[in-house]
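Some notes on the structure that comes next.
To find a chain, count down the sequence lines: A is the first, B the second, and so on, and within it residues start at 1. A quick note: this is a predicted structure, and the numbers were derived from the prediction, not measured. As a basis for the values below, the full set of heavy atoms in this structure was taken, side chains included, without hydrogen atoms, waters or symmetry mates.
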Number of protein chains: 2
Amino acid sequence: MQTDTRSVREKIRAAAVQLFAEMGYHAAPLRDIASLAGIQAASIYYHYPSKQALLVEIMDTHMRQLNAHLEKILAQPGSVVERLYAAIASHIRLHTTYKAEFFIIDTEIRALEGENREKILALRDEYEHLLQRLLQEGVEQGVLQPTDVKVASFAVIAMCTEVASWFRAQGRLTVQQVIDIYSQIIAQGLVRHPERKQEESERT
Amino acid sequence: MQTDTRSVREKIRAAAVQLFAEMGYHAAPLRDIASLAGIQAASIYYHYPSKQALLVEIMDTHMRQLNAHLEKILAQPGSVVERLYAAIASHIRLHTTYKAEFFIIDTEIRALEGENREKILALRDEYEHLLQRLLQEGVEQGVLQPTDVKVASFAVIAMCTEVASWFRAQGRLTVQQVIDIYSQIIAQGLVRHPERKQEESERT
DNA sequence: GTCTATATCGGGATAGAC
DNA sequence: GTCTATCCCGATATAGAC
């Protein structure tokens, strides 16, 4: 046990992350956030102009981080499939490392007021577009299945995002194991096609 | 334009569904729900004991409906793969038909108080277990890829559930098209393996 | 920078008339 | 069954001392 060296601002933010995730934005009283941070409610206003500003900062920070990681991956050399695996790994790694933060992003978009909402949604759109561009490239190259790229991007993002809801750091699986399982599901699907040659799948 | 034949209770519930979905449970004032239903806020209490009861009824109804549909599908004859396709179709069909209701189920679990939360979570667990049993059977039969059945069930449910967030009835795709696209992604994955025979996939 | 005290408001819920 | 009127509480935010 050593003394807490985080700045008050950081403590407030961490407390907000915890309570927004546990109770939801509207249900989390500023007094409780302050209490968790070890100060009085009024003191928060020296560091943040409003409760809403706290929410926006949390969402903005990690959406930008998510986008930055994906941009870096897409800019790297390597095949579409390799970059897709890297994208999946990055998404899951961030969503497990910043579990609460991304859970908030995923569930509290509605709590954003006015232009804050537009701003965060624009970042989310950007992320989706980056992934869609990769998938599109793969489909055109013929290395990915011909599919609806928009829908496929939603599917991949949804399943990888939801890891933040159920993953437990001390649970049965490591992050790497989760990444491997998801990668395989996304790449090959669930249905086994043993030595498929010419014959069609049984699907109508 | 004909007269509204829905009971007042139904109107209240429909209004609650709309506003809970649009604004979130805590952000939706009972006065607005009443106004949408064409009555005064106090009149709601003749039909429902509390705001919370309204939320519980909405969630409970549709979680039970979802489970009932899946149970029926699993009890039918047919291969695991056929039943999996039927399960996906059922999930997506319900999540697009009752888009707002399932969006609420997906985002407002935290708003449930005390034992209400346990009750709804138990229903969700039940659904997951039903799907897991099907997947497990498929893996054991060798018709599904060897995978982590729990994680696979989360992945399938997450991606199919999120359809409720983006689907628009008047949008580019019909429900059936969405079902077909998702079925293919879940079954075969995104990576193409042209005439794969013995050679391994390029994945490390 | 943090505190105490408080302004101000909107929310769910209730009482009781009709 | 639905209304009007209102209770009562907890919420964000502000004022101003220290």
What are the residues of residues 108-120 of chain B, sorted by number, that bring a heavy atom to within less than 4.0 Å of DNA chain C?
none

Contacts to DNA chain C from residues 8-26 of chain B, heavy-atom cutoff under 4.0 Å, which residues?
none

Check the orientation of A:H95 and A:F102. Use parallel for under 30°, tilted for 30 to 60°, and perpendicular for over 60°.
parallel

Classify B:A28 by what it touches in the nucleic acid, base, sugar-phosphate, or nothing, heavy-atom distance under 4.0 Å.
sugar-phosphate

Could you walk me through whether B:D180 and B:Q176 pass the side-chain hydrogen bond (donor to acceptor under 3.5 Å, both in side chains) test, one step at a time?
CA-CA 6 Å; B:D180 291 340; B:Q176 188 56 51; 3.1 Å; yes

To 10°, what angle do the rotation axes through the five end pairs on each side of the helix from C:dG1-D:dC18 to C:dC18-D:dG1 form?
0°

If you compare all heavy atoms of [X] against all heavy atoms of [Y], which two are closest, and at what distance to 0.1 Å?
{"X": "A:F154", "Y": "A:Q132", "result": "CE2-NE2, 4.1 Å"}
{"X": "B:A100", "Y": "B:A21", "result": "CB-CB, 3.9 Å"}
{"X": "A:A86", "Y": "A:I73", "result": "O-CD1, 3.4 Å"}
{"X": "A:A155", "Y": "B:Y182", "result": "CB-CE2, 3.9 Å"}

Can you tell which of B:V149, B:V156, B:I88 makes a side-chain contact (heavy atoms from CB on, under 4.5 Å) with B:L131?
B:V156

Which whole-number value in Å describes the distance from A:Q52 CD to D:dA11 P?
18 Å

Give me each pair satisfying salt bridge (Lys or Arg N to Asp or Glu O under 4.0 Å) with a member in residues 52-62 of chain B, each pair once, sequence neighbours excluded.
B:R9-B:E57, B:R13-B:E57, B:D60-B:R64

Partners meeting side chain to side chain contact (heavy atoms under 4.5 Å, CB included) with A:L19 (sequence neighbours left out)
A:E22, A:M23, A:A28, A:D32, A:I33, A:L36

Could you go through B:H91 and B:Y127, starting from their C-alpha distance and side-chain angles, then the distance that decides it, and tell me whether this counts as side-chain contact (heavy atoms from CB on, under 4.5 Å)?
CA-CA 11 Å; B:H91 191 104; B:Y127 189 75; 2.6 Å; yes

Regarding B:K51 and the six-membered ring of B:Y25, is the cationic atom NZ or CZ under 6.0 Å from the ring centre and inside 45° of its axis?
yes

With a 4.5 Å heavy-atom cut-off, do B:V191 and A:V143 have their side chains touching?
no

Min side-chain heavy-atom separation B:F167-B:I92 under 4.5 Å:
no

Could you list by number each residue of residues 29-48 of chain A showing a heavy-atom separation from DNA chain D of less than 4.0 Å, or answer none if no residue does?
A:P29, A:L30, A:R31, A:A42, A:Y45

